[in-house]
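For reference, the structure discussed in these notes is given below.
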Number of protein chains: 2
Amino acid sequence: MNRKWVTMGDVARAAGVGKITVSRALRTPSKVSADTLEKVQKAVMELGYVRDETAGALSSQRSRVVGALVSTLEQPVFASTIRGLEEGLSAGGLQLLLGSTRYQPEKEALMVSTLLGRRPDALVLTSSVHTEDTRRLLRAAGLPVIELWELPETPIHAAVGFSNRAAGRDMTRHLIASGRRAPVFLRTERASDTRADMREKGYRDALDGRQARSLAVPPQEGRSGPDYGAEGLAQIMARWPETDAVVCVSDALAVGALCEARRRGIDVPGALAVTGFGDIDVAGASALDLTTVCIDGAAIGREAARLTLAACDGEDIRGTRIDLGYQLIRRATG
Amino acid sequence: MNRKWVTMGDVARAAGVGKITVSRALRTPSKVSADTLEKVQKAVMELGYVRDETAGALSSQRSRVVGALVSTLEQPVFASTIRGLEEGLSAGGLQLLLGSTRYQPEKEALMVSTLLGRRPDALVLTSSVHTEDTRRLLRAAGLPVIELWELPETPIHAAVGFSNRAAGRDMTRHLIASGRRAPVFLRTERASDTRADMREKGYRDALDGRQARSLAVPPQEGRSGPDYGAEGLAQIMARWPETDAVVCVSDALAVGALCEARRRGIDVPGALAVTGFGDIDVAGASALDLTTVCIDGAAIGREAARLTLAACDGEDIRGTRIDLGYQLIRRATG
DNA sequence: GCAAGTCATGGTATCGATACCATGGGCATG
DNA sequence: CATGCCCATGGTATCGATACCATGACTTGC
């Protein structure tokens, strides 16, 4: 394999100018005369030159890379968030370096450290609960950090999201207001899924003294959200037969729970309400028609990109908290 | 914001050794005595040192970064592919730099060029049809390129995937074998979605002379797969009332088509079969129970990672074509 | 008409880590 | 005991682009 790259020096020689002029022509064309700009562009085209951003990052101390960490990409709303983020960043000339923690808190510090090795200009974390190791790393690095999907009271620097707790509370209140007496919260068991924790807290808020019941299905390799939902519903009905509503932590679980309920001949929504979270694309399909909470993942990503660009422009974003809210979508299942 | 990073020189001073020894202690610990290794590690911990991979990449001419390009992350199987890829790469000490083309062919060359700016050690492209610009860039860069999700006759270097055409053909044949006479192919209209093109070709192969009918719904901002599926079904029934099967290019479309059919009181699968593609997690849920083609996206990603690591180790991967196949999942809708 | 200022351009040092070569100590071998 | 080799370590040049400062040409204003 050919391992020779054309360098800025080659371009400079071909164009008959100094290297630095080539650099300016590409980075800040306004600082170069129209004449030389043209010569440089011609040489760039002819040689097929692609600037080495790594070298540029080293000398300018600005990498034009933003590191992002998500728990998983396989939840569609996170994928949308990343899309929004990537669109916004690339419009501003920044690139995205992606890592995933797979809900393992001990991986977070490791991944942050790996990302920091690339000297990103900012970091976007899709989570707001961090280990002490992670916090130490972030403090030492001293770069802008933007947290997504939750709104901590005191973000590290800035946060974009909505209140998972309020969303869980509103959904549960809605169920109670429409006559449900014994709603149960259904989730998967994950040590560091604080978004799920907050939704569950919201559920408990709404119950306010009444009996709160929560079931957490342990995740297993090779099984999917709907599997857990189906299994969870079976366990719930076995343990608490009087249950008349299941508040699921995600749409995937809700779809599984809903189908399992129907399979057992339980009348939904007559005898049992089932609600989800996220409003995935199939949630509104008429065979499911799931009552859920709609989150605009792409908007969260876009807003995060906007903040990131501002921070990279030197703006002080500390203390910014942007609440993008959520929307309770009432459909057929509750 | 603090913009000062601890350097290798700082660590060397603190540990009382030379910089180069620190480099070796971190990169190839076996080449350093146990004694100095310990001293270096202690200094690293105390100073909170994180190696600057950018600088390392510049001097070693190996970035330990792999660029990946996908059409979209919002299709769950691509998300799984990326997960598999990322898991495999990070196990081998490589990082993933991600870009997305959003099905716009003219964006591909731009994105490839942007990725090449980071001097990746290899490139993974989730597509096999490239513009001439892209091919020129790849040739000039001369790095290993791995194509996913399709199996071109002559891959640039290596390819991992399955035959979309065979999958489309098998699904259609299955429908014909079970007595369907007038299957219609339903897809979204995207200029460069060659995977959809190949599935459609397979559909035509299976019809072999009989009348092939295909409907392409134009994509619009803010609408989702199920929307297109529902709309597509409506148009199909209006234009070709005798249709007794709809072969959808994706599960998301199939869910929409299925629900729309039911809403119209069409008996599925009695009067109409509906099939999908991808086996998304909710496809198997009993309310849908969709007949579809299952693709192991994560396996494609893992296999791609394996090849990438081999290529980075200097192995010649040219000509490798790995067919991971697919599985026709027969459920209730056809 | 001359000082002051602006603009385009180039030279050189620098960013932080690694490759390459050099060096010196310790050990085995004859 | 001398030779030779290996191992651990360090010095210096280098990767490719940019920051900073300098230079010279040319314009502007009184």
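Each chain gets a letter, A, B and so on, in the order its sequence line appears, and its residues count up from 1.
- Each end of the helix from dG1(C)-dC30(D) to dG30(C)-dC1(D) yields a helix axis from five base pairs, and these two axes differ in direction by 30° (to the nearest 10 degrees).
- Qualifying side chain to side chain contact (heavy atoms under 4.5 Å, CB included) partners for L115(B), counting only residues two or more places apart in sequence or in other chains: Q95(A), L69(B), L97(B), L123(B).
- Listed by chain and number, the residues in a salt bridge (Lys or Arg N to Asp or Glu O under 4.0 Å) with K31(A) amount to none (sequence neighbours excluded).
- For A91(A), there are no side chain to side chain contact (heavy atoms under 4.5 Å, CB included) partners at least two apart in sequence or on another chain.
- A heavy atom lying under 4.0 Å from DNA chain C marks the following residues of residues 29-47 of chain A, by number: V32(A), S33(A), T36(A).
- Under the salt bridge (charged side-chain N to carboxylate O under 4.0 Å, His left out) criterion, the residue pairs touching residues 122-133 of chain B are E132(B)-R139(B), D133(B)-R136(B), with sequence neighbours excluded.
- The salt bridge (Lys or Arg N to Asp or Glu O under 4.0 Å) test applied to D197(B) returns R187(B), not counting sequence neighbours.
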Show me the donor-acceptor pairs within less than 3.5 Å that the side chains of residues 72-80 of chain A make with the rest of the protein, sequence neighbours left out.
from	atom 1	to	atom 2	distance (Å)
T72(A)	OG1	E74(A)	N	3.0
E74(A)	OE1	R83(B)	NE	2.2
E74(A)	OE2	S80(B)	OG	2.8
E74(A)	OE2	R83(B)	NE	3.3
Q75(A)	OE1	Y103(A)	OH	3.3
S80(A)	OG	P76(A)	O	3.2
S80(A)	OG	E74(B)	OE2	2.8

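- In this structure, a donor-acceptor pair under 3.5 Å is present between the side chains of S100(B) and R102(B).
- Residue pairs satisfying the ring-ring contact (aromatic ring centres under 6.0 Å, His included) criterion with at least one member in residues 14-38 of chain A, sequence neighbours excluded, are absent.
- Residues meeting the ring pair (Phe, Tyr, Trp, His ring centres under 6.0 Å) test with Y49(A), sequence neighbours left out: none.
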When you check every protein heavy atom under 4.0 Å of nucleotides 13-27 of chain C, what one-letter string (B, S, -) results, 5' to 3'?
--BBBBB--------
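- Judged as a ring-ring contact (aromatic ring centres under 6.0 Å, His included), not a single pair has a partner in residues 12-31 of chain A (not counting sequence neighbours).
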